[in-house]
Amino acid sequence: MKKRRGGKCSYTISLTASLAVAAMVWGPDFFSEGIQGAASDFEQFVQRVWVESKSGEQEMPEEKEPAESRIEEVPEENIAVAEEDITASEETVSVREEKAEEEVLPELYEADVSYFDDALFIGDSRTVGLLEYGNLGNAEVVADSGMNVYKIFRKEFVTASGEKKRLETVLTERQFGKVYLMMGINELGYDFEHTVSKYRDLIGKIREWQPEALIFLEANLHITERKSAASPVYNNENINRFNEALADMADERTIFYLDANELFDDERGSLSETCTTDDTHVLARYYPDWSAWILKHARTIPGQESGQEPGMGESEPVS
Amino acid sequence: MVFSSFTFLFYFLPVFLLLYFLAPTTWKNAVLFAASLFFYWYGVREHPVYLFLMLLSILVNGIAARCMMRCKGERGRKICLAAGMLWNLGCLFVFKYVDFVSDNLNLLFGRMGVEMRLPVLHLVLPIGISFYTFQISSYLIDVYLGRVAAEYSFLTLGTYLCMFPQLIAGPIVTYSQIRSRMWVRAVSYENVEEGLREFTIGLALKVLIANRVGNLWTQVNAIGFESISCPLAWLGIAAFTFQIYFDFYGYSLMAKGLGRMMGFDFPDNFRNPYLSRSMTEFWRRWHMTLGGWFREYVYIPLGGNRKHQVRNLFLVWMLTGLWHGAAWNFVLWGFFLFTLIMLEKWGLKKVLEGLPVLGHLYMLLVIPLSWLLFAVTDMGQFAVYLSRLFPFFERSGSGVTVFAGDFLKYGRIYFWPLLAALLCCSGVPRKLYDAGKDTLAATAGLVVLFWACVYCMYLGLDDPFLYYQF
């Protein structure tokens, strides 16, 4: 019998030692969190099973990270670094307090895919889906699974040309006619007001670098009722709340709100179960329908040729 | 409580181990039983009645066995056996199969023009029922056959049935196998060390390999089968093939390790199944305790090889299929396995064993296909997936919306877990570990593996254990 290096119980001892070290370093936080988590779980369990009704005003617990099955970074880190990136912009996206000057409202029309030649799509895994399975023509797409407004400026994206660029580079090297934004679901675990203000900052930056572009704020798609009911954070109530904040940011002159949920919702305002297998993303075969729907909601400034030359019409700087 | 969760690893297990090792010898079974009841309750806390169902099973079978011992004649013993089995199989039927039967009878009667509305109960499956039903049945049948004397202690019987390492997902342990350890168990450093090592290896297989490649299969499902390219279709089913193996194998190793720490010696469930060269060989290497159960308690009593072999094999394989799930794809899966095994018996096996490569190639095709039938419940979706695997059979050519770069994209993302899976299938890493397990490197490696698993679990890469629907 070979003698074991380190003794008979080498693994037991080294594992216990490493656990002891870990307990001292992370233990207090972990266990207090764990106990808090267990306590709140128990509370919710009791409410669900015995009280038989969800309490209306449930406090949204501030989670450390969103529970999507992707690798996410810790928010403290995000906020600290992201603050350095975004210089405080005095211009915030205003709501409907714009002075009503003499201006022509953009018209809604149905474009063909060449409309996307000067379009930029920014977003998360759904935008990735649009790129891979939809018909976005020659649009530039800057998107990644799990993307959110806290790390949008730090990530390097692979662009259409194959090069890796940051969003700031993409926005400053070229002028786009329209910019489509779709984010929000990955930030549901963070503080709502903070996310909204980060989103406004993003829009401000886009406006700064792309003064002539039309900005389209895409509503976040719903998840299925089943998935929505299972989480206090990732549910359609919170998605709707965020989408409403997005709608407020739109001014319908240069910033528009697009809600594609009408394509995929069931009668109760949740994602229809026929459109998905993972209760979160629509099946790939629906992305062409979605991109076609976006084309049906194209906008242009009247007096221009449809969708070709941005910036020839009136455009007000956002104050 | 999944073994690969923080709740189990850092709350339940340390507390249990402390109590268990501190308890005096005569109390150890009680501690184990109580902990197991808590473990099971935690798993069924949304439907606490299921805990009582399990306790009732112990009671019924315990009483039936005792009655059997007291019966003088064969008839009395048969009645006790029948009563016990009626309860066991009845519970299983009601909680698992009644909806399947109702739905199909309703459909059948509807087709014949008779309006029939048999009730569909929509009961949630009590976790582990398929496993513990088979386990307690093995006890009752063994008592009937005289292989083992009835256990008069409810505590001991309960501990045997409920012990948490193998309650939810096996291995299915017969009472005869474990009886000697029920009261006499060595508490030794060696047992703890070996058990902990086995547990860590199982944990690593599950968290670092199975959960990771499982994400690829989930991804393929999320895209929708009509929108995957042919290479991705193969990659996807390979991912599932790896996931189901390492999930279950990892879990079985964890169970074995936990048992070992307490002094139990659970049987192995897997023996490098993907190295098999025929389906017959595969099922002697895959989920061995289930195969053993069917052989001991169904195949051999029915006559085995000697009488009506084809009929016996047919029954065994249909039942194996059904055991895995109450749906037609499982029945078809069982039938597919039966067909292959019969073909092999009638000469195919000799051909395969003649040339080793042939056997491996044959299994390379047949294993993923059989798992596809297992994984996809909807027959329409199954047909779609087949058409993606073999696109030249399809009339219209390509899929509905296919992203041309999907194979490269997912191949790149999942390259390392897939490679690790492939390597571990060969059994070589385990052989290397066994050869070198007394070295410092092996010990350090295990510690690193453990913390890698913890890290992955922290990031939330948790997947429900596939066999949990049992």
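Here is how names work: the chains are called A, B, and so on, in the same order as the sequence lines, proteins then strands, and each is numbered from 1.
Taking the side chain as every heavy atom from C-beta outward, B/Trp451 and A/Leu19 approach each other to under 4.5 Å. With a 4.5 Å cut-off on side-chain heavy atoms, B/Lys437 and A/Ser10 do not count as touching. Side chains of A/Val128 and B/Phe403 form no contact here, defined as non-hydrogen atoms less than 4.5 Å apart.
Looking at A/Thr276, neither its backbone nor its side chain comes within 4.5 Å of chain B, counting heavy atoms on both sides. Contact of A/Leu131 with chain B is not made at all, since no heavy-atom distance falls under 4.5 Å.
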Discussion item. Quick one, A/Thr277 with B/Gln381, criterion side-chain contact (heavy atoms from CB on, under 4.5 Å). Give me CA distance, side-chain angles, the key distance, then yes/no.
Written reply: CA-CA 12 Å; A/Thr277 52; B/Gln381 284 298 300; over 6 Å; no
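Between chain B and the options A/Asp278, A/Thr12, A/Leu15, heavy-atom pairs under 4.5 Å are most frequent for A/Thr12. Each of B/Gly224, B/Ala442, B/Ala444, B/Ala222 has some count of heavy-atom pairs under 4.5 Å with chain A, and the biggest count is that of B/Ala222.
With 3.5 Å as the limit, one finds no donor-acceptor pair spanning the side chains of A/Tyr287 and B/Ser227.
Remark: A/Lys165 NZ is packed, more than 12 non-hydrogen atoms of other residues, nucleotides or ligands lying under 6.0 Å away. Heavy-atom neighbours of B/Phe21 CZ from other residues, nucleotides or ligands within 6.0 Å: above the threshold of 12.
Residue pairs meeting the salt bridge (charged side-chain N to carboxylate O under 4.0 Å, His left out) criterion with at least one member in residues 218-230 of chain A, sequence neighbours excluded, are A/Glu225-A/Arg268, A/Arg226-A/Glu273, A/Arg226-A/Asp279.
Across all non-hydrogen atoms, the minimal contact from B/Val447 to A/Tyr11 is N-CE1, 3.7 Å.
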